[in-house]
Amino acid sequence: MQKLEMIYEGKAKKVYKTDDPKLYIVDYKDDATAFNGQKKGQIAGKGVVNNTMTNIVFKKIEERGVPTHLVEQLSERETLVKAVKIIPLEVIIRNVAAGSFSKRYGVPEGQPLAKTVLEFSYKNDDLGDPLINDDHILALELATPEELELVRKYAYTVNDVLKEFFLERGLKLIDFKIEFGIADGQVLLADEISPDTCRLWDVETNEKMDKDRFRRDLGNVEETYLEVFRRVQE
Ligand code: UDP
């Protein structure tokens, strides 16, 4: 499958057309950004880690009945995927308080939550990805009621799969962000699942094993991505 014209370049990935209008090729970069693009850098090897890790995890998720856009990995950095129209929502699941949740509600990072939290942000860089609720989503017609119900159901299943998968590898899943798309009327898990999009803490030491090392200048960024990569390949 050949890469044709590039149709999109995001912060961490490029997307190309192929000779099949129903298929795209995603190419993962080493570029890293944080705080809505205000902090920029590179994490050597990140593209390889995030591409391969996403595919390993997406296969596990498919096995548990959530359809994904994955077709096949083409190379270290490239994957063939179904062309989808992305639903402009960041679907966030939280198992433990951290990040913007801790800041917003004044609770310490690491505090367990009495209930798993599902929240949505409206994917819109100009607005700074604001928090949005189900009524807002329907009022703005960002998704239909049927799509929204599936997105919620799938997100909880993804959480179950990921929690178990990472725990077996010595990693606690604190929170994560996923995105969904629509292809031929079907809701599919799309985008990526990687240390860029999950908070993962070492079970033994509570050490942060994710993009917070880059966001917060904690050091050992490349080494941490490689260590997560080593564990997910086990
Ligand atoms: N996240 C992401 N992309 C975003 C915002 C958040 O992948 O644009 C992930 C982030 O890595 C974390 C989870 O979503 O695993 C929750 O992030 P939070 O809302 O706490 O925002 P942050 O503190 O990262 O700004």
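Whatever order the structure lists them in is the order used to number ligands and atoms, beginning at 1.
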Would you indicate whether the side-chain heavy atoms of Glu164 and Arg64 approach each other to under 4.5 Å? yes
Under 4.0 Å, heavy-atom basis, I'd like to know which part of Ser121 is in contact with ligand 1: side chain, backbone, both or neither. neither
Any non-hydrogen protein atom less than 4.0 Å away from atom 25 (O) of ligand 1: no
Quick one: which ligand 1 atoms are inside 4.0 Å of a heavy atom on Phe176? 14 (O), 15 (O)
Does either side chain, that of Thr224 or that of Asp210, offer a donor lying less than 3.5 Å from an acceptor on the other one? no
With heavy atoms of Gly99 as the reference, note each atom of ligand 1 found under 4.0 Å away. 20 (O), 23 (O)
Name of the residue among Ile92, Val158, Val91 meeting side chain to side chain contact (heavy atoms under 4.5 Å, CB included) with Phe176: Val158
For Thr52 and Gln73, does a side-chain donor sit closer than 3.5 Å to a side-chain acceptor? yes
Does the cation-pi check pass for Lys39 over Phe214, that is, NZ or CZ under 6.0 Å from the six-membered ring centre and within 45° of its axis? yes
For atom 5 (C) of ligand 1, what's the nearest protein heavy atom and its distance? Glu90 OE1, 3.6 Å
Measure from NZ or CZ of Arg152 to the centre of the six-membered ring of Tyr154 and say whether it is under 6.0 Å with the direction within 45° of the ring axis. no
Given Ile92, Asp175, Leu200, Asp191, which one has a non-hydrogen atom that is nearest to atom 12 (C) of ligand 1? Asp175
Less than 4.0 Å is my threshold; does some heavy atom of Asp196 fall inside it relative to ligand 1? yes
Check the pair Ile182 / Glu147 against side-chain contact (heavy atoms from CB on, under 4.5 Å), numbers first and verdict last. CA-CA 9 Å; Ile182 314 262; Glu147 287 162 1; 3.3 Å; yes
Compute both the distance and the angle, then confirm whether Lys60 meets the cation-pi test with Phe165: under 6.0 Å from the six-membered ring centre, within 45 degrees of the axis. no
Measuring from non-hydrogen atoms of Arg94 to any atom of ligand 1, is the shortest distance under 4.0 Å? yes
In this structure, atom 22 (P) of ligand 1 is nearest to the protein heavy atom Arg199 NH2, 3.6 Å
Atom 20 (O) of ligand 1 [closest protein heavy-atom partner, distance rounded to 0.1 Å]: Ser100 N, 2.8 Å
the protein heavy atom lying closest to atom 10 (C) of ligand 1 turns out to be Arg215 NH2, 3.6 Å
Among non-hydrogen protein atoms, atom 9 (C) of ligand 1 lies closest to Lys177 CB, 3.5 Å
